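For reference, the structure discussed in these notes is given below.
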Amino acid sequence: MTVDLDIFKKVDDSQVGKFDHLSNFEIAAIFNRFAAQNLRGNEVVNGGRGNPNWIATTARLAYSRLLEFGVTEAERTYFDPKGMAGDVQKDGIYDRLMQALKGTRRDIFLRDVIGATIDQLKIEDRDAFVYELVDGALGDHYPYPPRCLKYTEQVLQQYLQKNCFKDVQMAKDVDVFPTEGGTAAMVYIFQELHYAHVLYPGDTVVVNSSIFTPYLQIPELSEYNLRIKTVTTKREDNWQMTDEQFEELKDPKVKAFFVVNPTNPTARAFTPERLEKFKEVIKANPDLVIITDDVYGTFSPSYRSIFAVAPHNTILVYSFSKLYGATGQRLGVVCMHHDNVCDRIIQENLMNRRLKELDERRYSIVVPDPHKMKFIDRMVADSRAIGLYHTAGLSSPQQVMMDMFAMSNLKDDGANEYVKLSRQVVADRYHEFWNDLGVKADETAENTRYYTLVDIFDLMKQRHGEDFCKYFKDNYNYLDFTYRLATEFGAVVMDAKAFGAEEGNVRVSLANLQKDDYRKLAQAILDLVDEYYEVYQESKK
Ligand SMILES: *Cc1c(COP(=O)(O)O)cnc(C)c1O
């Protein structure tokens with residue numbers, strides 16, 4: 001959607017309610033434009049963006065080295081100075097790569113990660129492994145198998161094992177499907193739950209809220225027409241689900257549970273104790289499908305995926321976007337256990353003659369035995385309207401880039417240095433911000449500190465009392481605060497109501513600004529609270 005900004009230029013404080021119907025992403029974009037012309041002439045501080053302002057370097061350098069080596073390899077078979085080469089030969093490619101690699105940073109790194117991966121995966125055919133990386137980086141063949149390249153799948157299994165399943169050993173028991181980011185993964189999953197008749201229109205889906213806004217919108221799409229119930233976590237529970245909320249999931253009428261873990265915007269992983277509750281839930285409601293988005297997993301040391309405690313009922317989505325500063329790469333992955341509830345429901349549906357016939361007609365053009373097709377493979381076929389199954393799958397250069405990120409993570413035996421660094425970067429900013437606000441920061445291990453929610457109403461009460469806060473609520477639109485923060489101070493934060501949070505909460509991203517900027521942001525918030533307080537005092541005269 002494009003927004004005509006001129007409509008909003010004329011808006012004054014009293015008309016801020018006009019923004020009510022826009023998504024919070026649109027509002028933040030508009031407020032950012034206003035911030036550029038802020039009354040105080042401040043440099044703009046945009047704390048609304050979730051995109052990280054760091055990148056992982058070594059994996060990218062290694063990728064560039066693979067690409068360069070690939071061109072030299074291709075020129076061995078055919079070379080024309082006009083800019084054409086032949087294809088890459090597999091025989092002896094491992095030795096030729098090792099010989100080509102010298103002492104530069106990227107060469108050393110590439111040699112190290114390839115060596116470590118060969119050891120870890122016990123790869124016997126080294127040429128086949130290196131050929132997959134080199135030919136994949138060049139991107140001169142349709143990715144095959146379409147769902148995932150052979151060694152890429154093994155690398156991703158290990159990555160998910162180390163970072164998401166942790167101590168529950170399952171690497172060999174899962175299938176993965178690399179996708180164009182976590183967001184595409186979600187689209188494919190909901191589409192397939194519909195096509196495979198795992199979810200029907202009218203079915204009840206529970207969504208853990210507050211949540212990334214688009215995730216409230218997908219299940220509501222008219223073609224899915226799912227009935228949405230939210231379970232909203234609270235600050236006083238450290239944003240954890242309560243026993244009563246877990247009880248709601250046990251109702252067999254609830255067909256699916258949709259969750260981001262660790263959360264966005266509340267930035268919390270399930271505690272180990274809360275996570276165990278999913279075992280009870282599955283026992284009571286064995287057909288429940290859990291869809292979990294674990295993009296922020298590595299940012300909390302105490303995180304473990306719901307997939308680790310309920311593997312047969314959970315579809316896991318992971319994305320490389322945030323940790324590796326790779327949102328533009330579009331790198332995500334869907335992971336499912338070999339033995340999973342969706343495949344079981346498909347088999348049960350096939351007892352129904354009509355559904356069996358539909359199934360036959362739909363998939364028999366691409367596979368000889370359509371009824372045996374797994375949910376995850378149906379997802380791949382349906383992502384390309386079935387007919388184009390043979391050209392489905394994530395581009396091979398993207399798969400190889402994902403390999404490089406994942407292999408850099410697997411290289412270290414224990415916790416990865418880069419992962420620790422990424423946690424430190426957001427934690428430093430987080431502390432700067434909360435110290436300057438004068439509020440005690442939350443130090444629990446579940447806190448990712450990637451985002452933080454500030455309750456403006458609480459802040460008002462703390463600084464100037466209940467009565468003042470009530471005055472603010474009675475006299476201003478809830479968006480007034482973020483609007484004036486932008487127009488007067490040039491500071492942008494995202495209102496969190498659209499995420500499903502209570503009014504008065506704003507989301508600050510710790511991912512996108514320098515440490516000093518968080519000091520400025522905190523000061524602007526405090527100054528603005530004090531300005532409202534002055535007006536309040538005037539009003540009492
Ligand atoms: C940023 C973010 C993602 C990443 O999505 P990609 O499509 O992989 O870039 C996924 N889920 C949530 C909740 C996010 O905030």
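Counting starts at 1 for both ligands and their atoms, following the listed order. Every value quoted in this text rests on a predicted model; they were computed, and no experiment measured them.
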For Y215, the ligand 1 atoms with a heavy-atom partner under 4.0 Å come out as 10 (C), 11 (N)

S319 heavy atoms within 4.0 Å reach ligand 1 at atoms 4 (C), 6 (P), 8 (O)

Taking the basic N atoms (NZ, or NE/NH1/NH2) and the acidic carboxylate oxygens, is any pair closer than 4.0 Å for R304 and E276?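 Salt bridge: yes.
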
(message) Would you say that E443 contacts R449 through its side chain, given a criterion of any heavy-atom pair below 4.5 Å between the two side chains?
(response)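 Of all side-chain heavy-atom pairs linking R449 with E443, at least one is under 4.5 Å.
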
Query raised in the report: So which of R330, Q329, K322 gets nearest to atom 14 (C) of ligand 1, if we judge by its closest heavy atom?
Result: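 The option holding the nearest heavy atom is K322.
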
- [ ] Assess whether atom NZ of K166 is packed by more than 12 heavy atoms of other residues, nucleotides or ligands within 6.0 Å.
- [x]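 More than 12 within 6.0 Å, yes.
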
Note: T183, heavy atoms under 4.0 Å from ligand 1, region reported as both

Query raised in the report: Closer than 4.0 angstrom: is that true for some heavy atom of Y296 and an atom of ligand 1?
Result: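 Yes, that is the case, since the closest heavy atom of the residue is under 4.0 Å from the ligand.
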
#### Entry: Contact check, D293 vs ligand 1, heavy-atom distance below 4.0 Å
yes

Using a 3.5 Å cut-off and no angle test, enumerate the donor-acceptor pairs between side-chain atoms of residues 171-179 and protein atoms at least two apart in sequence or in another chain.
unit_1	atom_1	unit_2	atom_2	d
D175	OD1	H338	NE2	3.3
D175	OD2	K374	NZ	2.7
T179	OG1	G181	O	2.9

Determine yes or no for a side-chain-to-main-chain donor-acceptor pair under 3.5 angstrom, with H312 supplying the side chain and D339 the backbone. yes

The salt bridge (charged side-chain N to carboxylate O under 4.0 Å, His left out) partners of E236 (sequence neighbours excluded) come to none

Please confirm whether G182 comes within less than 3.5 Å of ligand 1 when only nitrogen or oxygen atoms on both sides are compared. yes

Which residue and atom name correspond to the protein heavy atom nearest atom 9 (O) of ligand 1, and how close is it?
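Looking only at protein heavy atoms, the one closest to atom 9 (O) of ligand 1 is S321 OG, 2.6 Å.
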
